[in-house]
Chemist: 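Have a look at this one before I ask anything.
In what follows, chains are A, B, ... by sequence order, proteins preceding strands, each numbered from 1.
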Amino acid sequence: MRCGTARRRLSDDIDGALRSGRNPGVEAHLRACPACRAYREELGRIQAAAALPAAPAPEFWDSFEKQVSRKIVAQEAGRASVAVPLSFRRRSAWAAAAAAVLAGVALGYLLLGPGPRSTEAWVPYGDPLDRLIFAAEADPELAGRVEQEFRVSIAELLPAPEETEVAAVFAADPFFWEGLSEDELQAIVAALETESGHGGPQ
Amino acid sequence: MDERPEERLVEEARRGGREAFAELVRRHERRVFGVALRMAGNRPDADDLAQEVFLTAWRAVGSFRGGSSFSTWLYRIAVNTSLTFLKRRGRERNRAPFDENLPVAGPGRGLPTGPEAASSLNELSARTGQAVAALPAHFRATFALVVDQGLSHAEAAGVLGCSANTVSWRMHKARKLLQARLKPFLEEVRS
């Protein structure tokens, strides 16, 4: 057994995930390999040292539960903006909307080809959607237009668009942001530009 | 103490029962907060994140169909919310790339004994926390679920939407990165 294989299995073993029958092979390797024995010992120490800080005191949880309840009540009363930071809510909506927009526009846009991308001229950093969102965060008017565009896109894609539906889209895929390719992100930005005329900073 | 089974609480919450949802919050707040803390790296942000997780869950619980356990679903929202939070905050962008060759300063002293040993362990713990915080976000999320929350690879895979093999690989890779980063410190403490 090679060291790389043994170390992968050592990691599995720490997690209780080493398949039965594999342990003897790992042990045999360890008997012959001082470097992997040292590696196992170091992993054990790292594992022990990686514990999270002690849980907050009971009064923290009392306060936490009250805050959550208060925000839910405020949200139910249509006053969520009082309770939840606006920027965070907006980002969440954008995140959910991006997934929906992606489904609607990425394929068509990519099939039609990228064409000239005027966004390149006005935002010199980051991936395309980030650029737009960063720009929007500094420009409330642009932010409003972008958010509206996302909401319109969701409304077109969902049969009964409600906040619950947006949240469900948001909750359904933990990694949609990380998984979007550059082309897909550009497609979202392009859709914002070409379909609504909402582009970069004025 | 509320003895109602979780399935009943979820069903009541799905129908708009705020009191039932409050009980679900009480049952899961520590786990959600643990994930948020590992991902955000500090308590104030973790507090905000954990609250946001439950607000998102409240908005979405009507669409929860029971395809997975409620805790898996909640973990998924926690990871998703944390990743989005980190991305939007630009922390991942601004975070120094993980350099496994970057030495972590050792304690700079010989064999620790007594109070010195305790201090050394505390320092190892602090440096390990820093090293975990510097892991790429997906690795950190996997680490939070497997190491902090004690989920099996299969359970973590259910949360993360990947295979158990991917969880295994991420844990292996994360440990290699941590070991490489902490190696100088580990060796010096051991010596």
Side-chain angles (χ1 to χ4, degrees), chain A residues 7-12 14-17 39 41-43 45-53 55-56 60-61 64-65 67-69 71-73 75-76 80 83-85 87-89 91-92 94-95 126 130 133-134 137 162-178, chain B residues 18 21-22 25-26 29-30 33-34 37-38 43 47-48 50-52 54-60 62-63 73 76-77 79-81 83-85 87-88 93 121 124-125 127-129 132 137-138 141 143 146-148 152-153 159-162 164 168-169 171-172 175-176 178-179 182-183 186:
Chain A
R7 292 180 182 200
R8 167 84 179 261
R9 291 181 182 175
L10 282 173
S11 175
D12 284 347
I14 291 172
D15 297 335
Y39 183 77
E41 191 261 339
E42 287 171 348
L43 289 194
R45 298 174 72 189
I46 291 170
Q47 184 85 358
L52 283 169
F60 170 87
W61 299 114
F64 179 87
E65 291 156 13
Q67 286 184 70
V68 171
S69 293
K71 288 178 179 180
I72 285 174
V73 170
Q75 186 174 271
E76 292 291 288
V84 184
S87 60
F88 199 110
R89 290 191 304 113
R91 286 194 295 266
S92 299
W94 286 342
D130 275 355
I133 289 175
F134 288 149
E137 286 183 343
E162 297 175 348
E163 196 166 18
T164 298
E165 302 286 350
V166 175
V169 171
F170 178 53
D173 182 0
F175 293 127
F176 66 83
W177 276 116
E178 304 288 332
Chain B
R18 286 206 293 259
F21 189 79
V25 172
R26 277 190 287 278
E29 61 195 1
R30 284 165 173 77
F33 186 82
L37 181 58
R38 181 64 87 187
R43 283 199 174 180
D47 190 5
D48 288 345
Q51 290 183 36
E52 182 63 23
F54 284 115
L55 287 175
T56 300
W58 169 252
R59 290 194 294 268
S63 65
W73 183 74
R76 192 175 299 148
I77 295 173
V79 170
N80 188 12
T81 304
L83 290 174
T84 304
F85 174 80
K87 182 135 184 145
R88 296 300 102 214
R93 184 180 303 280
L121 287 175
L124 175 61
S125 180
R127 291 190 183 279
T128 303
V132 173
H138 283 175
F143 191 93
V146 174
V147 176
D148 299 335
S152 69
H153 287 185
V159 173
L160 298 169
C162 62
S168 165
W169 183 85
M171 288 305 301
H172 168 54
R175 288 188 168 111
K176 277 181 68 178
L178 293 174
Q179 185 264 353
L182 293 166
K183 193 170 185 58
L186 289 165

Chemist: Flag the one option from Pro56(A), Ala17(A), Ala48(A), Ala55(A) with the top tally of heavy-atom pairs under 4.5 Å to chain B.
Modeler: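 The candidate making the most pairs under 4.5 Å is Pro56(A).
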Chemist: Check for a donor-acceptor pair, side chain of Thr128(B) on one end and backbone N or O of Ala50(A) on the other, with a separation under 3.5 Å.
Modeler: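 No, the answer is negative, given that no donor and acceptor are paired below the 3.5 Å cut-off.
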Chemist: First locate atom CZ of Arg45(A), then atom CG of Leu186(B), and finally report the distance between them rounded to the nearest 0.5 Å.
Modeler: 5.5 Å
Chemist: Would Leu83(B) and His138(B) count as a side chain to side chain contact (heavy atoms under 4.5 Å, CB included) here? Give the steps.
Modeler: CA-CA 8 Å; Leu83(B) 290 174; His138(B) 283 175; 3.9 Å; yes
Chemist: Where on Leu43(A) is there a heavy atom nearer than 4.5 Å to chain B: the side chain, the backbone, both, or neither?
Modeler: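 Looking at Leu43(A), just its side chain touches chain B.
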Chemist: Between Arg18(B) and Glu65(A), does any NZ, NE, NH1 or NH2 come within less than 4.0 Å of an OD or OE carboxylate oxygen?
Modeler: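 Salt bridge between Glu65(A) and Arg18(B), a charged N being under 4.0 Å from a carboxylate O: no.
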Chemist: Which bit of Ser168(B) comes within less than 4.5 Å of chain A, counting heavy atoms only: side chain, backbone, both or neither?
Modeler: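 Both the backbone and the side chain of Ser168(B) come within 4.5 Å of chain A.
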Chemist: Just so I understand: if I count every heavy-atom pair under 4.5 Å between each of Asp12(A), Asp15(A), Val68(A) and chain B, which residue has the most?
Modeler: Asp15(A)
Chemist: Taking the side chain from Thr84(B) and the backbone from Thr81(B), do they hold a donor-acceptor pair closer than 3.5 Å?
Modeler: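 Judged by distance alone, no pair lies under 3.5 Å.
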Chemist: What part of Arg30(B) gets closer than 4.5 Å to chain A, counting heavy atoms only: side chain, backbone, both or neither?
Modeler: both
Chemist: Identify which part of Ala50(B) has an atom lying under 4.5 Å from any heavy atom of chain A, answering side chain, backbone, both or neither.
Modeler: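 Contact with chain A is through both the backbone and side chain of Ala50(B).
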Chemist: Do the rings of Phe64(A) and Trp61(A) sit parallel, tilted or perpendicular, given the 30° and 60° boundaries?
Modeler: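 Ring orientation of Phe64(A) relative to Trp61(A): perpendicular.
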Chemist: Hey, which of Arg38(B), Arg26(B), His153(B), Glu29(B) has the most heavy atom pairs under 4.5 Å with chain A?
Modeler: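 Ranked by contacts with chain A, first place is Glu29(B).
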Chemist: Top residue by heavy-atom pair count (under 4.5 Å) with chain A, among Arg43(B), Gln179(B), Met171(B), Arg175(B)?
Modeler: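 The option with the most such pairs is Arg175(B).
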